[in-house]
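Have a look at the structure below before the remarks.
In this text, all values refer to a predicted model and were calculated from it rather than measured experimentally. Convention: sequence-line order gives letters A, B, ...; per-chain numbering from 1. All values below come from the heavy atoms of this structure, side chains included, with hydrogens, waters and symmetry mates left out.
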Amino acid sequence: MNVEQGIAADANTERPIVRLSGVIKAYGRMNAIDNVDLEIRPRELFTLLGPSGSGKSTILRAIAGLISVEQGQILIAGDDVRDVPTYQRNIGMVFQSLALFPHMSVFDNIAFPLRMRRIGRAEIAKKVLESLDVVRLPNIAKRKVHELSGGQQQRVALARALVYNPSLLLLDEPFGALDKRLREEMQLEIVRLHREIDVTIINVTHDQVEAMILSDRIGVMNEGRVVQIDNGEDLYRRPKTRFVADFLGRANCIDGVFRKDADGTQVVTPGGAVLSADSKFDISDGAGCTAIVRAEDIELYAARPDDTTLTGIAGKVALRLFEGETVYYEIAVDGIKEPLRVARKSGEFAPDSEVWLAWPRARVWLVGE
Amino acid sequence: MGPVIRIALAIVLALVAVPLLIVIIVSFSGDERLIFPPGSYSFNPYSALIGNDAIREALWRSLIVGFQVVALSLIVGVPATIALVRYQFRFRFGIAMYLILGVATPLIASAFAFLVLFTQAGVLGALWPISVGVAVVNLPFLMFSVASSLASLDPRLEEAAATLGAEQVQTFLFVTLPGIMPGILSGTIMVFVLGISEFVISLLLSTVSNQTLPIAMFSSLRGPPPPEVAAAAGIYVVAALLVVITLTSLKSTEQFFYRAD
Amino acid sequence: MGGSDVAFGWRIIDAIIALGKKLRVERLARVRPYLMVAPAFLLVSLLAVGIFYLGWLSIHSYDSFLLKQGPISTDQYRRLVEPPSGEFYANTLWRTMTMSLAVTASSMLLGIPAAYFIVRTSSRAWRVTVLVLMLVPFLMGEIVRTFAWFLILANRGALGWFLGLFGIQDGGILGTPLGVFVGMLQVSVPLVALLVMPAVRRIDPNLERAAATLGASPARVWRHIVLPLAWPGLAAAVIVVLLLNIAEYDMPAILGLGRLPFVANVIGDIYTLQQNLYLGSAFSLVLLIISSAMIMLPFLLIRLYWVYFIARKS
């Protein structure tokens with residue numbers, strides 16, 4: 001597909017394609033979007049990630065123009081879209097329910113936006129078939145929507161949203177209702193599409209695995225606010241808040257008091273255990289903080305190993321679950337309220353055995369209160 | 001299903017089905033006086049029906065009323081239903097209740113109200129006042145039918161159309177209207193049949209010159225009924241049967257009645 | 001945008017859209033819902049106006065000799081209530097109410113099991129058949145329904161023939177309350193079934209199965225599970241069917257052979273026989289008020305219940 005847009009190929013230098021400034025959207029007394037500033041760069045694959053009710057779908061719908069906002073400004077390609085109705089914004093959108101027109105065939109569904117733009121019949125036929133090729137469904141143009149499988153319907157919805165070369169594609173949790181295998185297939189499909197076509201994609205999901213797979217950058221949202229924006233790996237390894245750490249993967253959040261010493265830094269837990277970390281954290285001595293350790297970074301030993309790069313704590317196995325790819329443990333530790341979660345590739349420690357949990361000091365991430 | 005339910009069901013079915021059968025049977029009676037069982041069978045009642053000018057004209061008038069009622073109900077009912085279901089506005093609930101007025105009022109009282117109104121307006125004797133009265137009273141049926149069709153329409157469809165570039169007129173024509181067509185169709189059929197068989201309003205608003213078929217049938221029931229009446233009744237029964245069979249075979253009504261699990 | 005290859009219909013639509021823009025239709029967006037309900041509102045207002053007219057006429061006296069409207073008075077209502085005519089009207093009202101109640105009660109007894117059957121049976125054929133048979137009476141028309149029962153109950157009718165098969169003499173049910181009663185059931189029973197079906201459908205069948213596994217007999221399941229859960233629908237059904245029966249015209253007129261007039265018949269006769277719009281208005285209004293009271297009754301009861309029982313506790 002050729003693209004004629006005012007967007008240069010280099011994604012990093014020019015103005016953002018979508019920009020929200022100080023946007024507030026209220027429902028009654030509650031702010032669904034609470035003073036959000038957001039910039040989406042051209043041609044990036046951006047994901048808004050958060051739990052239900054965090055406002056991510058609301059932002060998407062505000063960008064699409066399906067809802068209006070009380071305060072703030074939304075710019076698309078530099079233009080304020082406050083007075084621009086949805087049908088003039090030239091964006092593509094795929095809904096969770098797909099919203100394929102049930103009374104039309106696949107061809108008519110995909111041709112619909114082209115007909116709205118009064119494109120000639122021959123041109124329409126050509127573009128529709130091209131777009132079916134792009135989503136790899138070449139032969140189904142004549143079928144009715146209800147004759148298609150779930151995966152095929154997904155692709156048709158995508159084809160329909162892309163056939164008129166919008167500059168922006170919005171995905172509102174479109175894979176939520178699919179089974180696991182189909183979901184993974186479609187996620188990879190989005191990645192492939194993004195590489196082949198010149199389009200900016202904003203994806204909304206609560207599935208953090210999906211967010212990590214798909215995105216160039218992820219914006220984590222909670223209660224209407226954007227908490228952190230980073231690429232997947234940075235979010236995972238260097239979360240800014242406890243919420244972000246908790247939301248991605250399995251994190252252990254250990255509260256304690258921060259202490260600086262000659263070697264580096266330490267966190268003292270209420271139970272008196274001392275955990276070491278590297279020295280790069282900007283937290284004042286004596287302040288409360290949370291040490292974040294990923295479940296897969298913790299190794300279990302029968303006794304404390306003799307390795308200064310490691311730090312750790314003693315505990316007792318409370319639960320052991322075989323999950324297939326991993327073995328999941330919950331370890332009860334004195335002085336820490338929640339059991340620590342450990343995920344290993346294998347492990348033979350039985351419940352009630354005394355173990356020593358150790359992890360690399362470099363893998364500890366500290367978050368202030 | 002316990003035996004009590006089965007017995008009740010049998011009684012109900014007999015109560016409901018037997019009269020229908022008898023009407024149909026008698027409508028083919030060859031006797032001059034209608035008795036059961038008919039002494040002989042023939043198409044006489046139907047040919048008498050066609051031959052009887054007064055009754056034939058009455059049938060024609062009933063059809064006209066039916067069409068007028070349908071036209072009126074569609075024109076006022078469809079936009080009103082869409083507004084009430086899709087939009088939020090003040091007095092929404094009050095207006096909805098107001099429009100249901102026709103069904104909530106006892107039919108004879110509504111008929112009398114129309115009688116005094118149209119007498120004052122001096123239009124008694126025309127056919128259209130009857131259509132107006134019947135339309136008001138049956139409007140809720142059309143509205144209900146369209147409303148349930150509209151409610152089951154995914155609002156995302158209209159949003160998707162907007163994102164694809166369709167402004168309101170086009171969204172309505174290509175997405176909303178096809179979506180509510182089943183409701184419009186079944187509502188129309190229902191209102192039509194109710195219109196051609198309407199009695200009470202027609203009775204009060206009719207004069208000698210504008211009798212609809214049900215009224216003509218009523219007058220002839222003062223004494224022993226002539227065979228034409230049986231034929232007319234037979235037509236009504238068959239019409240009702242056809243309509244009901246059509247309506248119940250629609251997929252949308254199926255899920256209203258059965259719960260699979 | 002556009003070219004010679006675009007189908008013609010689009011040009012018409014474009015014209016409509018352009019017209020809309022010119023008329024600044026978008027600015028009407030706030031008013032739009034009101035515009036859309038306006039025609040229906042106006043149409044139904046004809047009925048409202050008519051009802052006001054009923055009220056107006058009912059409070060005037062009428063000189064039936066001179067055919068002239070008299071001054072404002074309670075003449076009409078007095079005629080309805082005071083003897084000697086008052087007795088006739090009171091009897092009519094009483095007859096209407098009692099028979100309607102009887103029909104409604106019996107319809108509930110027959111209709112609820114029928115509704116249950118339709119909702120719970122797994123045989124699609126049965127379901128469709130029963131449903132079809134029950135819906136037909138609604139669309140047949142009052143007069144045809146009445147005619148059918150006339151054929152059954154009249155001299156040398158179907159009932160007489162049927163009883164004759166067993167050697168029983170037909171006692172002539174036509175003209176008795178029983179005849180009218182049976183005729184009215186034909187519409188009331190299906191109506192009850194139709195109104196109760198959604199209520200029964202809402203009950204999770206697993207609840208009944210669970211009760212059965214816990215040892216409840218079918219009667220107990222009905223008493224403790226089905227009826228309590230369905231009762232809002234049942235209450236609604238009672239009111240709707242009662243309202244409909246009170247307004248019944250054809251059945252009493254024909255099957256009652258004129259000896260058992262209901263309120264509707266009397267109102268009709270006041271017009272057709274006496275041409276007295278004023279008295280007829282008064283009686284119609286009385287019927288209307290009774291009906292409205294019956295519709296309001298459940299809301300009132302709920303309010304009383306809330307105020308008396310719940311608010312009192314706090």
Side-chain angles (χ1 to χ4, degrees), chain B residues 1-2 5 8-9 11-13 15-17 19-20 22-23 26 35-37 76-77 79-80 82-83 87 89 95 98-99 101-102 104-110 112-114 116-117 132 136 169-170 193 197 199-200 204 214 217-218 221 233 236-237 240-241 243-245 248 257-259 261, chain C residues 16-17 33 36-37 39-40 43-44 46-47 49-51 53-54 57 110 113-114 116-119 127-128 131-137 139-144 147-149 151-152 156-158 161 185-186 189-190 197 201 205 218 247 249-250 254 264 267 271 277 280-281 284 287-288 291:
Chain B
M1 301 278 171
I5 294 185
L9 191 67
I11 299 178
V12 168
L13 284 180
L15 197 63
V16 161
L20 304 181
I22 292 182
V23 165
V26 170
I35 57 169
F36 192 85
V76 309
I82 296 180
Y87 296 105
F89 54 100
I95 292 181
Y98 183 74
L99 293 180
L101 197 66
T105 332
L107 195 51
I108 184 74
S110 316
F112 215 87
F114 282 116
V116 301
L117 181 70
V132 166
V136 170
V169 169
Q170 299 186 104
V193 173
S197 57
F199 182 81
V200 177
L204 291 190
M217 289 170 70
F218 183 65
L221 279 183
Y236 274 117
V237 169
L241 254 172
V243 167
V244 168
I245 290 178
T248 48
F257 295 119
Y258 180 54
R259 178 181 181 151
D261 55 355
Chain C
I16 299 179
I17 297 177
M36 289 169 83
V37 288
L43 186 68
V44 176
L46 290 176
L47 178 58
V49 168
I51 294 180
Y53 226 153
L54 283 184
L57 289 186
L110 289 174
Y116 185 81
F117 176 84
I118 295 177
V119 173
R127 200 178 334 126
V128 170
L131 205 51
V132 165
L133 285 176
M134 293 211 318
L135 284 177
V136 172
L139 298 178
M140 270 164 51
E142 262 189 86
I143 189 68
V144 179
F147 177 65
W149 282 102
L151 287 178
I152 296 178
R156 312 196 62 192
W161 165 77
L185 278 185
Q186 192 194 16
V189 169
M197 268 197 274
R201 189 179 173 278
Y249 188 95
D250 281 24
I254 295 176
I267 294 179
Y271 172 61
L277 289 181
S281 297
S284 299
L287 187 62
L288 191 56
S291 299

Quiz item: Should the ring pair B:Phe199 and B:Phe218 be called parallel, tilted or perpendicular, given that the plane angle runs from 0 to 90° and is split at 30 and 60?
Solution: perpendicular
Quiz item: Quick one: which of B:Leu20, B:Val243, B:Val16 gives a side chain to side chain contact (heavy atoms under 4.5 Å, CB included) with C:Val136?
Solution: B:Leu20
Looking only at heavy atoms and a cut-off of under 4.5 Å, which of [options] has the most pairs with chain B?
| options | result |
| --- | --- |
| C:Ile51, C:Leu287, C:Ile17 | C:Ile17 |
| C:Val49, C:Leu185, C:Ile16 | C:Leu185 |
| C:Pro137, C:Pro218, C:Ser291, C:Ala264 | C:Ala264 |
| C:Pro190, C:Pro33, C:Gly141 | C:Pro33 |

When [options] are compared by non-hydrogen pairs under 4.5 Å with chain C, the top option:
| options | result |
| --- | --- |
| B:Val23, B:Val116, B:Val200 | B:Val116 |
| B:Leu99, B:Ile245, B:Val169 | B:Leu99 |
| B:Leu241, B:Ile82, B:Leu107 | B:Leu241 |

Where do [X] and [Y] come nearest, in terms of heavy atoms and distance?
| X | Y | value |
| --- | --- | --- |
| B:Thr105 | B:Ser110 | CB-OG, 3.4 Å |
| B:Ala233 | C:Phe147 | CB-CD2, 3.5 Å |
| B:Val193 | C:Leu139 | CG1-O, 3.1 Å |
| C:Val119 | C:Arg201 | CG1-CA, 3.7 Å |
| C:Leu54 | B:Ala109 | CD1-O, 3.9 Å |

Quiz item: Between C:Ile143 and B:Tyr236, does a side-chain contact (heavy atoms from CB on, under 4.5 Å) hold up when you go through it step by step?
Solution: CA-CA 10 Å; C:Ile143 189 68; B:Tyr236 274 117; 5.5 Å; no
Heavy-atom distances under 4.5 Å only: say whether [X] touches chain C with side chain, backbone, both or neither.
| X | answer |
| --- | --- |
| B:Tyr87 | side chain |
| B:Leu9 | side chain |
| B:Ile11 | side chain |
| B:Leu204 | both |

Quiz item: Just wondering, do C:Met36 and B:Phe89 contact through their side chains at under 4.5 Å, heavy atoms?
Solution: no
Chain B contact via [X] - which portion, at a heavy-atom distance below 4.5 Å:
| X | answer |
| --- | --- |
| C:Ile254 | side chain |
| C:Leu46 | both |
| C:Val189 | side chain |
| C:Leu57 | side chain |

Quiz item: Out of curiosity, C:Leu277 CG to C:Ser281 OG, how far, rounded to the nearest 0.5 Å?
Solution: 6.0 Å
